[in-house]
Amino acid sequence: MTAFVRAVETGGFTAAARDLGLTPSALSKLVTRLEDRLGARLMQRTTRRLQLTAEGEAFYSRARDILAAIAEAEAEVAEAGASPRGQLRLHCGSTFGMHQLAPAIPRFQARHPAVGIDITISDERLDMMQEGVDLAIRIGPLEESSLVARRICNLERVICASPDYLARHGTPRTPDELQRHNCLWMTSQPALRRWPFDTDDGIRVVHVDGNVVTNNAETVLQLAVAGVGVTRLSDVVVAEAIRAGTLVPILSDWHHVEPVPLFATYPSGRNLSPKVRAMVDFLVEEFGGAPWRRPR
């Protein structure tokens, strides 16, 4: 099969034989034996070039994929025991990247000093294959079927406001009272403008509004801490501010908890190299227990 595929790719037996360390006659015999076993002519041979038959076209397409899969499997096994090394390109949204990933990177480097890390912090979804990204940290349900994902943990959203804001405008005691409060939300995720609450009649959704909007969670956090309004953000974003007392959780008894998955993802067509495997394992170990929820 390898002899046949290389002959097709190089355009002749002589070049293919050179690549495989064979004589042209030995390679020709291998292809003839393959045709005899299949009971079909795969190529027409002339002195100038090779011409695939219809059967040869079909067999070449499948054989090429089979050989590539074998090479991938061998490489994966060979790399499994190798030490992580090389440049790791990682993409992460600003929320998790700034509050959790960046402070943890020194601990990863202490374990794997031979791995260099190129981090892109952006809230824009990108094509990992096209951008050459090895690993991406994604929040929320995954839409791309081409990605392999490992769940790191679940995030939870928290409704909160600054003590200063609550002192000036009062603390809402029921979901209905949010209608008279300035609420902060992200234009990049319009669905987060709808806040769910548990009631005796089931889940009730309140559509909030406010006089300041932005497309970035970090900006919403800073606005909330500054006393601009009430917000609903992931606990990974607001945990530090709540511990510091600059934000106060509200409506906790009413708020409907919606677990938000946090994934480490990588393209399915790419081998899980030692450096990627090391980072995925580190992320699960470091953040699997949602350490931002634990008191310090």
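- Checked by atom type, the side-chain pair Ser122/Thr120 shows no donor-acceptor distance below 3.5 Å.
- Across Ala278 and Pro84, no two heavy atoms sit closer than the pair CB-CG, 3.7 Å.
- Residues Glu218 and His99 have side chains in contact (heavy-atom distance under 4.5 Å, counting atoms from C-beta outward).
- Using a 4.5 Å cut-off on side-chain heavy atoms (C-beta onward), Gln222 and Thr219 make no contact.
- Applying the side-chain contact (heavy atoms from CB on, under 4.5 Å) test between Leu247 and each of Val238, Val230, Leu233, Val237 identifies Val238 as the sole match.
- Applying the salt bridge (charged side-chain N to carboxylate O under 4.0 Å, His left out) definition to pairs two or more places apart or across chains, those involving residues 5-17 are Arg6-Glu9, Arg6-Asp19.
- Inter-residue side-chain proximity for Ile117 and Phe108 is flagged as met; some heavy-atom pair is nearer than 4.5 Å.
- A donor-acceptor pair under 3.5 Å is formed between the side chain of Thr32 and the backbone N or O of Ser28.
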| query | For Asn216 and Ser94, what are the C-alpha separation, side-chain angles and deciding distance, and is it a side chain to side chain contact (heavy atoms under 4.5 Å, CB included)? | reply | CA-CA 8 Å; Asn216 178 266; Ser94 59; 3.3 Å; yes
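- With salt bridges taken as basic N to acidic carboxylate O contacts below 4.0 Å, one links Glu285 and Arg111.
- Note: Arg232 CZ to Leu184 CG = 13.5 Å, rounded to the nearest 0.5 Å.
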| message | Please determine whether side chain to side chain contact (heavy atoms under 4.5 Å, CB included) holds for the pair Val133 and Leu90, giving the CA-CA distance in whole Å, both sets of side-chain angles, and the decisive distance to 0.1 Å. | response | CA-CA 6 Å; Val133 172; Leu90 193 155; 5.9 Å; no
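- Transitive grouping of hydrophobic side chains (ILVMFWY, heavy atoms separated by less than 4.5 Å) keeps Met98 and Ile242 in distinct clusters.
- Taking 4.5 Å as the limit, every side-chain heavy atom of Ser273 sits out of range of all side-chain heavy atoms of Asp134.
- Ile105 and Phe282 fall within the same hydrophobic cluster, defined by Ile, Leu, Val, Met, Phe, Trp and Tyr side-chain heavy atoms under 4.5 Å apart, directly or through other members.
- In this structure, OG1 on Thr95 lies 12.5 Å from CG on Leu101, to the nearest 0.5 angstrom.
- Counting only residues at least two apart or in different chains, salt bridge (charged side-chain N to carboxylate O under 4.0 Å, His left out) contacts with residues 91-100 are absent.
- Of all heavy-atom pairs spanning Met186 and Val220, the tightest one is CG-CG2, 3.7 Å.
- The structure places CD1 of Ile121 at 5.0 Å from SG of Cys92, a figure rounded to the nearest 0.5 Å.
- One distance of note links OG1 of Thr14 with CG of Leu22; it measures 12.0 Å at 0.5 Å rounding.
- Side-chain contact between Met279 and Val115: absent, with no pair of heavy atoms (C-beta onward) separated by less than 4.5 Å.
- Side-chain atoms of Arg173 and Ile250, non-hydrogen and from C-beta on, never get closer than 4.5 Å to each other.
- Each salt bridge (charged side-chain N to carboxylate O under 4.0 Å, His left out) pair with one or both residues in residues 219-228, not counting sequence neighbours, would appear here, but there are none.
- Between Pro172 and Leu251, the shortest heavy-atom distance links the atoms O-CD2, 3.5 Å.
- For the pair Pro259 and Pro261, the tightest heavy-atom approach, listed with the atom from each and the gap, is O-CD, 3.8 Å.
- Hydrophobic clustering (side-chain heavy atoms under 4.5 Å, transitive across Ile, Leu, Val, Met, Phe, Trp, Tyr) keeps Val228 apart from Trp185.
- Phe4 has its side chain out of reach of Leu30: every pair of non-hydrogen atoms, C-beta onward, lies at least 4.5 Å apart.
- We find the CG-NE2 distance between Leu178 and His207 to be 12.5 Å, quoted to the nearest 0.5 Å.
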Could you go through residues 149-156 and list every donor-acceptor pair under 3.5 Å that involves a side-chain atom there, pairing it with any protein atom two or more places apart or in another chain?
| residue | atom | partner | partner atom | Å |
| --- | --- | --- | --- | --- |
| Arg150 | NH1 | Asp281 | OD1 | 2.7 |
| Arg151 | NH1 | Asn154 | OD1 | 2.6 |

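- Here the closest heavy-atom approach between residue Asn182 and residue Gly210 is recorded as OD1-CA, 3.0 Å.
- Side chain of Thr265 to backbone of Ala136: a donor-acceptor contact under 3.5 angstrom is found.
- The two atoms that bring Val8 and Met43 nearest to each other are CG2-CE, 3.9 Å, heavy atoms only.
- Hydrophobic cluster membership differs between Val212 and Val208, with clusters built from Ile, Leu, Val, Met, Phe, Trp and Tyr side chains linked at under 4.5 angstrom.
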| request: Output, in order, the C-alpha distance, side-chain angles, deciding distance and verdict of side chain to side chain contact (heavy atoms under 4.5 Å, CB included) for His112 and Lys275. | output: CA-CA 9 Å; His112 307 289; Lys275 63 185 178 183; over 6 Å; no
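- One hydrophobic cluster, built from ILVMFWY side chains closer than 4.5 Å, cannot hold both Leu221 and Val213; they sit in different ones.
- The closest side-chain heavy-atom distance from His256 to Pro175 is not below 4.5 Å.
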| Evaluation steps, side chain to side chain contact (heavy atoms under 4.5 Å, CB included), between Val206 and Trp254 | CA-CA 12 Å; Val206 174; Trp254 290 86; over 6 Å; no
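- Of the inter-residue distances, the one linking Ile137 atom CD1 with Gln100 atom CD reads 10.5 Å to the nearest 0.5 angstrom.
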Listing, residues 157-164 side-chain donor-acceptor contacts under 3.5 Å, not counting sequence neighbours, or none:
| residue | atom | partner | partner atom | Å |
| --- | --- | --- | --- | --- |
| Ser162 | OG | Tyr165 | N | 3.0 |
| Asp164 | OD2 | Arg168 | NE | 3.1 |
| Asp164 | OD2 | Arg168 | NH2 | 3.1 |

Which atom pairs, one a donor and one an acceptor, fall under 3.5 Å between side chains of residues 58-69 and the rest of the protein, sequence neighbours left out?
none

